[in-house]
Amino acid sequence: FVYKGEKNALPEQDQLTLEKAALTFGFESPAINGSLSLINKLTGSKDESYLNLSLNYINRFTIINKENLKLGVPINIKTSLVNVSKSEINNDFSQTVFGLGTGLFLTLNLKNKIGFVAEGIPGYGFSNSNGGLFGGSNKNLEAKARLNFIELINGNTLSLGYDYKISSYDIDGETFDYDLNYHSITIGISL
């Protein structure tokens, strides 16, 4: 989480720049994805906190639909809440985003028991503060890849994955112009 506004607009000691590992819990389904990411005292941070709560609805339109290959266009409607604060700074970053995006997805069935999924969705949305007094725009990109081992553990699928997300906030004025950029390694199991 890095400040990208003009240096004169916000002194360095008042910037909420944050570079730490977060603990994330999430769920994925064919249509709805959600996640909760945290940095706080429970994760070992003494004076910084980070909360990211997001929910995505994705409708995938398939262009190529073969037994071992699917290629298409996902349409994404998303909302997220991001809050970043530091104990020594009075001002915190708290923005809610509502946005839309579209991109490409690819699904491959490599063997009967192994599948691969890749998806990239750039998007654009409106961001406003929790008080609603000012707002701005949010540009974002979400990309993910999953390697699925189908019915590996008692009939459940094991999924190993990688996510890359960037979210760029351009809020009224320069004070809240930040880039949120993260990589995550995911391990999941189907229910």
Side-chain angles (χ1 to χ4, degrees), residues 1-28 32-58 74 76-103 119-146 161-188:
F1 189 74
V2 179
Y3 180 69
K4 67 170 187 173
E6 289 190 31
K7 292 182 182 180
N8 298 339
L10 188 63
E12 190 171 333
Q13 67 269 15
D14 293 337
Q15 295 175 14
L16 294 167
T17 298
L18 177 66
E19 292 187 32
K20 291 195 174 184
L23 179 62
T24 301
F25 301 95
F27 68 91
E28 293 183 1
I32 298 176
N33 301 332
S35 66
L36 170 66
S37 296
L38 299 168
I39 298 174
N40 57 23
K41 290 180 182 177
L42 295 174
T43 64
S45 178
K46 294 180 182 177
D47 62 348
E48 301 168 319
S49 70
Y50 166 79
L51 169 78
N52 187 338
L53 180 62
S54 66
L55 186 63
N56 294 334
Y57 170 75
I58 303 172
N76 183 20
I77 300 171
K78 72 176 285 181
T79 186
S80 66
L81 167 68
V82 174
N83 184 282
V84 179
S85 63
K86 291 185 179 183
S87 60
E88 70 271 7
I89 299 174
N90 287 336
N91 205 5
D92 68 338
F93 179 92
S94 185
Q95 294 289 315
T96 304
V97 173
F98 177 78
L100 300 170
T102 186
E119 184 170 67
I121 304 174
Y124 186 81
F126 175 74
S127 177
N128 70 336
S129 68
N130 55 2
L133 297 176
F134 58 91
S137 64
N138 175 264
K139 294 180 226 169
N140 57 75
L141 170 66
E142 296 186 18
K144 70 177 185 179
R146 299 286 183 270
Y162 169 76
D163 289 9
Y164 172 75
K165 296 183 183 181
I166 185 166
S167 189
S168 183
Y169 296 87
D170 186 6
I171 309 302
D172 186 29
E174 296 283 330
T175 307
F176 293 107
D177 290 352
Y178 284 89
D179 282 343
L180 174 60
N181 183 352
Y182 65 92
H183 305 268
S184 62
I185 304 297
T186 64
I187 300 172

Below 4.5 Å, heavy atoms only, C-beta onward: do [X] and [Y] meet side chain to side chain?
X: Asp163; Y: Arg146; value: yes
X: Asp92; Y: Val84; value: no
X: Leu16; Y: Lys86; value: yes
X: Asn33; Y: Ser54; value: no

Value rounded to 0.5 Å, distance of [atom1] in [X] from [atom2] in [Y]:
X: Leu53; Y: Thr79; atom1: CG; atom2: OG1; value: 8.5 Å
X: Asn56; Y: Ser35; atom1: CG; atom2: OG; value: 7.5 Å
X: Leu100; Y: Ile121; atom1: CG; atom2: CD1; value: 11.5 Å
X: Ile171; Y: Asp177; atom1: CD1; atom2: CG; value: 6.5 Å
X: Ile185; Y: Tyr162; atom1: CD1; atom2: OH; value: 7.0 Å
X: Glu48; Y: Lys41; atom1: CD; atom2: NZ; value: 12.5 Å

For a side-chain contact (heavy atoms from CB on, under 4.5 Å) check, start with the C-alpha distance between Asn52 and Asn83, then their side-chain angles and the critical distance, and finish with the verdict.
CA-CA 7 Å; Asn52 187 338; Asn83 184 282; over 6 Å; no

Show, in sequence, the C-alpha distance, side-chain angles and deciding distance for Asp179 and Tyr3, and conclude whether the side-chain contact (heavy atoms from CB on, under 4.5 Å) test is met.
CA-CA 6 Å; Asp179 282 343; Tyr3 180 69; over 6 Å; no

Who pairs with Asn140 by side chain to side chain contact (heavy atoms under 4.5 Å, CB included), at least two apart in sequence or on another chain?
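Checked Asn140 against side chain to side chain contact (heavy atoms under 4.5 Å, CB included); matches are Lys78, Asn138, Ser167.
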
For Tyr182 and Phe1, run side-chain contact (heavy atoms from CB on, under 4.5 Å): C-alpha distance rounded to whole Å, both residues' side-chain angles, the deciding distance at 0.1 Å, then the answer.
CA-CA 8 Å; Tyr182 65 92; Phe1 189 74; over 6 Å; no

Under 30°, 30 to 60°, or over 60°: which ring-plane class applies to Tyr178 and Phe93, parallel, tilted or perpendicular?
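Tyr178 vs Phe93 ring planes: perpendicular.
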
Spell out, as yes or no, whether a donor-acceptor pair under 3.5 Å connects the side chain of Thr24 to the backbone of Ser37.
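Flag not set: sc Thr24 to bb Ser37 has no pair under 3.5 Å.
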
